[in-house]
Amino acid sequence: MERLRTLRGFRDIFGEEIQKFKFIEDVSRKFFDIFGYKEIEIPVLEKTELFVRSIGDTTDIVEKEMFTFIDTGGDSVSLRPEATAGMVRAYLQEGMYAKERVSKIFTIGSMFRHERPQKGRFREFHQIDVEAFGADDPLIDAELLWMITLILGEIKVTGYSIEVNSVGCKECRESFRNILISYFETKKDLLCEDCLRRFERNPLRIFDCKNAQCIDVTQNSPFLYDSLCEGCVSHFNIFLKHLSNFNIEVSINKRLVRGLDYYTGTVFEVTSVDLGAQKAFIAGGRYNGLVEEMGGPPTPAIGFAIGVERLALISTATIFKQGPSYFFAYVGEKAKNYLVPILRSFVSKGLSLKFAYEGKSLKSQMRYADSMGSDYVLILGDDEIKKGIIVMRDMRRKMQYELPLDPEDMIRESLKLTNNFTVS
RNA sequence: GUGGGUGUAGCUCAAGGGUUAGAGCAUCAGGCUGUGGACCUGGGGGCUGAGGGUUCGAAACCCUUCACCCACCCCA
């Protein structure tokens with residue numbers, strides 16, 4: 001019989017990794033609360049049209065990476081490949097724009113893309129997604145990056161770098177597109193196959209190519225960055241000024257363009273050299289036109305997403321356990337009868353008391369206790385029962401004490417001995 | 001979708017045509033009949049990813065297929 005396993009690109013997340021995930025989420029939630037972001041859960045499955053309209057129908061994501069199927073009602077539905085589309089939908093559907101001037105929301109959950117897995121890339125992956133609607137002030141652009149640096153600091157990520165750029169508003173992007181097309185038109189034969197495709201659909205993306213010859217071609221090409229309109233230049237400069245006031249080091253990467261159609265103005269990426277080819281672990285930017293395109297009032301907006309798997313790969317945080325843990329070791333059936341009342345007392349006090357279900361030799365139980373990292377082992381056998389006591393062994397100091405056998409007294413006395421407990 | 005690499009015990013890996021496929025770690029037991037980590041001894045564990053072929057003989061060679069990893073593409 002063949003054993004079933006997960007689908008390609010889907011994984012079980014457990015053990016140390018899930019602890020790291022939870023830690024990353026906890027730290028993020030803490031800072032989101034400080035900065036006034038409210039949590040929202042949105043559906044994993046939405047109408048395909050939502051993603052087509054927001055992300056763009058010629059992007060790779062919607063063209064070939066979505067898990068799309070026809071449900072029994074005949075609708076085309078898709079597993080979300082990213083969160084922003086659904087967040088915009090929720091912002092409009094729940095009427096947030098009418099209730100507050102600025103809506104700051106975040107969500108945490110799985111995204112799905114039908115890609116070939118590699119280091120730091122899976123078909124089901126987790127994002128922490130943050131969106132702020134209703135403010136065009138570059139201060140909020142800078143504030144987002146500040147919040148990111150605070151989170152990364154607490155998660156103990158070092159050696160990352162932040163790249164920023166502006167991809168301009170609709171107007172300056174449209175005029176630049178023409179400039180770019182006429183430039184590349186003469187150099188078509190120098191571009192790689194992929195870039196020829198990009199030339200047809202989204203010439204901006206040629207700047208993203210890693211092919212040496214293409215990089216060469218773009219070396220002397222006009223940059224969007226250099227032909228931004230007055231308003232975009234001033235917005236970007238004020239953004240940079242704020243960043244320096246926040247003491248945030250960034251580098252301007254004129255080649256940085258994003259793969260989703262909705263971005264306008266500020267875009268940014270946080271990368272780490274420790275990640276392999278998929279080095280961006282946080283990315284985002286402004287999308288001032290999207291809300292209106294989705295049928296809402298004209299609303300400036302900005303957001304970013306954290307790739308949790310990638311962040312977990314580079315976080316050097318170690319998860320500390322808190323509080324002492326106890327183990328109950330018993331010799332003989334008579335002693336085992338004392339387990340339940342003792343266990344109940346420990347649990348009611350919120351203390352961790354482990355034990356072996358099929359207790360074998362004491363030696364075996366001691367090994368078990370040790371392998372689970374128990375700090376104290378309570379040992380009970382006929383001798384102790386006769387004397388009305390229980391032995392508590394301090395595993396690290398290799399010292400033993402006698403405690404009363406009555407559970408309440410036992411806990412009280414043991415806490416006296418362990419109240420200077422510190423995690424090593 | 002394309003390319004490269006790897007599939008042998010729970011994990012990391014040996015064996016490169018020739019008895020019964022090994023080692024370390026992990027696990028269980030014993031040494032120590034009631035005391036953990038170190039050490040010693042032993043036990044359990046495998047259709048060598050799957051299917052076909054070549055051969056007296058295949059984990060090994062050939063074909064097919066599947067899976068995983070890395071990279072391209074793209075992206076968090």
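Each chain gets a letter, A, B and so on, in the order its sequence line appears, and its residues count up from 1.
Following rounding to the nearest Å, A:Arg5 (CZ) and B:G7 (P) show an atom-to-atom distance of 16 Å. Atom P of nucleotide B:C75 and atom NZ of A:Lys279 are separated by 13 Å, given to the nearest angstrom. Distance, A:Arg113 CZ to B:A76 C1': 6 Å, rounded to whole Å. Between A:Ile55 atom CD1 and B:C75 atom C1' there is a gap of 12 Å when expressed in whole angstrom units. Distance CZ (A:Arg397) to C1' (B:G37): 17 Å, rounded to an integer number of Å. When the C1' atom of B:G37 is taken as reference, atom CG of A:Asp370 falls 5 Å away, rounded to whole Å. Between the NE2 atom of A:His114 and the P atom of B:U2 there is a distance of 13 Å, given to the nearest Å. Going from atom CG of A:Leu311 over to atom C1' of B:A76 covers 10 Å, rounded to whole Å.
In this structure, A:Arg11 is positioned above the aromatic face of A:Phe122, its NZ or CZ under 6.0 Å from the six-membered ring centre and within 45° of the axis.
Note: A:Phe35 and A:Trp146 have perpendicular aromatic rings, judged against thresholds of 30 and 60 degrees for the angle between ring planes.
Residue side chain A:Arg310 reaches the base of B:C75 through a donor-acceptor N/O pair under 3.5 Å, judged by distance alone. In terms of polar N and O atoms assigned as donor or acceptor, the side chain of A:Gln400 comes within less than 3.5 Å of the base of B:U35 in a complementary pairing.
No hydrogens or angles considered: a donor-acceptor pair under 3.5 Å links the side chains of A:Thr271 and A:Ser161. Side chains of A:Asp129 and A:Thr107: no donor on one and acceptor on the other come within 3.5 Å. At a cut-off of 3.5 Å, with distance as the only test, a side-chain donor of A:Asn288 or A:Arg286 sits close to an acceptor on the other residue.
Phosphate proximity of B:G36 to A:Lys398: absent, as no side-chain N or O sits under 4.0 Å from OP1 or OP2. In this structure, A:Arg393 does not reach the B:G36 phosphate: none of its side-chain N or O atoms is under 4.0 Å from OP1 or OP2. For B:U33, neither phosphate oxygen OP1 nor OP2 lies less than 4.0 angstrom from any side-chain nitrogen or oxygen of A:Ser361.
Summarising the base pairing, B:C72 is matched to B:G1 through a Watson-Crick or G-U wobble pair whose two defining distances lie under 3.5 Å.
Taking both residues in full, the closest heavy atoms of A:Phe125 and A:Phe112 are given as CE2-N, 4.2 Å, listed atom of the first, atom of the second, then distance.
For RNA chain B, the neighbouring residues in residues 115-132 of chain A, judged by any heavy atom under 4.0 Å, are A:Glu115, A:Arg116, A:Gln118, A:Lys119, A:Gly120, A:Arg121, A:Phe122, A:Phe125, A:Gln127. Proximity of residues 61-68 of chain A to RNA chain B (heavy atom under 4.0 angstrom from any strand atom) is restricted to A:Glu65.
Looking only at distances, a side-chain donor or acceptor of A:Glu82 sits under 3.5 Å from a matching main-chain atom of A:Ala85.
Projected onto RNA chain B by closest heavy-atom contact, A:Asp394 and A:Ala283 fall at different nucleotides, the more 5' of which corresponds to A:Asp394. Comparing A:Leu380 and A:Ser364 along RNA chain B, the residue whose closest nucleotide (by nearest heavy atom) sits nearer the 5' end is A:Ser364.
Nearest to the side chain of A:Ala305, among B:G36, B:A76, B:G34, sits B:A76. The side chain of A:Lys363 has B:C32 as its nearest neighbour among B:A76, B:C32, B:A29.
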Residues A:Val164, A:Leu256; criterion side chain to side chain contact (heavy atoms under 4.5 Å, CB included); working and verdict: CA-CA 7 Å; A:Val164 300; A:Leu256 181 64; 5.8 Å; no

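To the nearest 0.5 Å, the span separating CD1 on A:Ile108 from CZ on A:Phe21 amounts to 11.5 Å.
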Which atom pairs, donor and acceptor, lie under 3.5 Å between side-chain atoms of residues 60-68 of chain A and protein residues at least two apart or in another chain?
residue : atom : partner  : partner atom : Å
A:Glu63 : OE1  : A:Arg201 : NH2          : 2.5
A:Glu63 : OE2  : A:Arg201 : NH2          : 2.7
A:Thr68 : OG1  : A:Ser78  : OG           : 2.8

